[in-house]
J.: 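Take a look at the following structure, please.
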Amino acid sequence: LAGANRHGVGIGINNLYSNDATVGAVWPAVVRRALHQRTASAAQRHVLGAPIGSGHHYFVADRDDAFAIETSGVLRKTMFASSPERPAPSYCHTNHCLDPDVAAVSSISPTSTTRERYAWLTASLAARPLADLDDVWVRMGSQDGWPKSVCTNMATPENPHGTATCGAIAINLDTRTVWAQGGF
């Protein structure tokens, strides 16, 4: 669900559950083609123009620009765009739509922890801006508010498919390195 290229463009996506899914390109193809681009702006244009058939949130960035895009089967919405001239505040996203139009054609599982995770992350960012990649990594592994924490495992023998963190990834665009950790 993520990657970086030699030009310093990084992309990460998370799942959204659209009710208007159509036949279209699968997300690995969209991510790989976006990573053929030399800039985040070009990668954003690719995502917006790709024949995507399902819901995802795409975060595309390089050292100059960052873009957040929500998609459904037929909709594409840029949630924010930043640049050196238009810096954006710290941004986070979980597995529910923030755009009302995309949300109208999407759903959230009744057992989802997305809203609790989003609330914790936004409160954390409001209380203290991100310091560095280590800080991002620690916050992504937070178990505050367990079991509906950012990093969680609600699977049980009775409910083996309960919500669980499948992994975490952080991309350092300066060094072109990717940190990855499997979840529970």
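Bear in mind that the values here come from a model prediction, so they are computed numbers and not experimental data. Below, each value reflects all heavy atoms present in this structure, side chains not excepted, and no hydrogens, waters or symmetry copies.
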J.: Please report the interatomic distance NE2(His96) to CG(Asn14), rounded to the nearest 0.5 Å.
T.: 10.0 Å
J.: Side chains of Ile169 and Val178: does their closest heavy-atom pair fall under 4.5 Å?
T.: yes
J.: Quick one: CD on Glu158 to OG1 on Thr156, what's the gap to the nearest 0.5 Å?
T.: 4.5 Å
J.: With rounding to the nearest 0.5 Å, note down the distance linking OH in Tyr58 to CG in Leu48.
T.: 10.5 Å
J.: Does Thr71 reach the main-chain N or O of His56 with its side chain, forming a donor-acceptor pair under 3.5 Å?
T.: yes
J.: I would like to know whether Ile171 and Leu173 meet side-chain contact (heavy atoms from CB on, under 4.5 Å); could you show each step before the answer?
T.: CA-CA 6 Å; Ile171 301 170; Leu173 296 175; 3.8 Å; yes
J.: Less than 4.5 Å apart, any side-chain heavy atom of Asp64 and any of Thr39?
T.: no
J.: Distance check, rounded to the nearest 0.5 Å: Arg38 atom CZ versus Asp62 atom CG?
T.: 13.0 Å
J.: If hydrophobic clusters are built by linking Ile, Leu, Val, Met, Phe, Trp and Tyr wherever their side-chain heavy atoms come under 4.5 Å apart, do Trp146 and Trp120 end up in the same one?
T.: no
J.: Working note: Gln37 + Val9, criterion side-chain contact (heavy atoms from CB on, under 4.5 Å); need CA distance, chi angles, decisive distance, verdict.
T.: CA-CA 8 Å; Gln37 309 307 312; Val9 176; 5.7 Å; no
J.: For a quick check under 3.5 Å, do Thr111 and Ser109 share a side-chain donor-acceptor pair by atom type?
T.: yes
J.: Within the side chain of Thr122, is there an N or O that forms a donor-acceptor pair under 3.5 Å with the backbone of Tyr118?
T.: yes
J.: Quick check: closest heavy atoms across Ala40 and Ala61, and the distance to 0.1 Å?
T.: CB-C, 3.6 Å
J.: Could you pull out the closest heavy-atom pair between Thr22 and Ile52, with the gap in Å?
T.: OG1-O, 4.2 Å
J.: I want to know whether Phe67 and His57 have ring centres closer than 6.0 Å.
T.: no
J.: Taking atom types as modelled, find out whether Thr94 and Thr114 have a side-chain donor-acceptor pair closer than 3.5 angstrom.
T.: yes
J.: Using the rule side-chain contact (heavy atoms from CB on, under 4.5 Å), only one of Cys151, Cys92, Ser124 pairs with Arg139; which is it?
T.: Ser124
J.: Any donor-acceptor pair under 3.5 Å linking the side chain of Thr165 with the backbone of Gly167?
T.: no
J.: Looking at Ala155 and Pro160, what are the two nearest heavy atoms and their distance?
T.: CB-O, 3.6 Å
J.: Mind listing the closest non-hydrogen atom pair of Val60 and Ala43 along with its distance?
T.: CG1-CB, 3.4 Å
J.: Compute whether any side-chain donor of one residue and acceptor of the other, for Asp65 and Ser41, lie under 3.5 angstrom apart.
T.: no
J.: side-chain contact (heavy atoms from CB on, under 4.5 Å) between Asp144 and Ser149: does it pass, once the steps are laid out?
T.: CA-CA 6 Å; Asp144 289 354; Ser149 51; 5.6 Å; no
J.: Any donor-acceptor pair under 3.5 Å linking the side chain of Asn5 with the backbone of Gly8?
T.: yes
J.: For Glu70 and Leu98, indicate whether the former's side chain and the latter's backbone hold a donor-acceptor pair under 3.5 Å.
T.: yes
J.: Considering all heavy atoms of both residues, which atom of Asp20 and which atom of Gly73 are nearest to each other, and what is their separation?
T.: OD1-N, 2.7 Å
J.: Please determine whether residues Trp27 and Leu16 belong to a single hydrophobic cluster, defined as Ile, Leu, Val, Met, Phe, Trp and Tyr linked transitively by side-chain heavy-atom distances below 4.5 Å.
T.: no
J.: Using the ring centroid of each side chain, check whether His93 and Phe59 are separated by less than 6.0 Å.
T.: no
J.: In Å, rounded to the nearest 0.5 Å, how long is the span from OG of Ser54 to CG of Asn19?
T.: 12.0 Å
J.: Verify, without hydrogens or angle tests, whether Arg33 (side chain) and Pro28 (backbone) share a donor-acceptor contact under 3.5 angstrom.
T.: no
J.: Checking side-chain polar atoms at under 3.5 Å, does Gln44 have a donor or acceptor matched by the opposite partner on Thr78?
T.: yes
J.: With rounding to the nearest 0.5 angstrom, report the CH2 to CG distance, Trp137 to Asp132.
T.: 13.5 Å
J.: If you count the non-hydrogen atoms of other residues, nucleotides and ligands that lie under 6.0 Å from CZ in Arg176, is the total more than 12?
T.: yes
J.: If you measure from the Lys or Arg side-chain nitrogens to the Asp or Glu carboxylate oxygens, is any gap between Asp135 and Arg128 under 4.0 Å?
T.: yes
J.: Show, in sequence, the C-alpha distance, side-chain angles and deciding distance for Trp179 and Leu133, and conclude whether the side-chain contact (heavy atoms from CB on, under 4.5 Å) test is met.
T.: CA-CA 10 Å; Trp179 294 0; Leu133 193 59; 3.8 Å; yes
J.: Using modelled atom types and a 3.5 Å cut-off, is there a donor and acceptor pairing between side-chain atoms of Thr113 and backbone atoms of Glu116?
T.: no
J.: Looking only at heavy atoms, which two atoms of Arg76 and Val74 are closest? And how far apart?
T.: NH1-C, 3.3 Å
J.: Please check: side-chain N/O of Ser106 versus main-chain N/O of Val102, any donor-acceptor pairing under 3.5 Å?
T.: yes
J.: Please answer: with hydrophobic residues joined when any side-chain heavy atoms are less than 4.5 Å apart, are Met79 and Ile69 in the same cluster?
T.: no
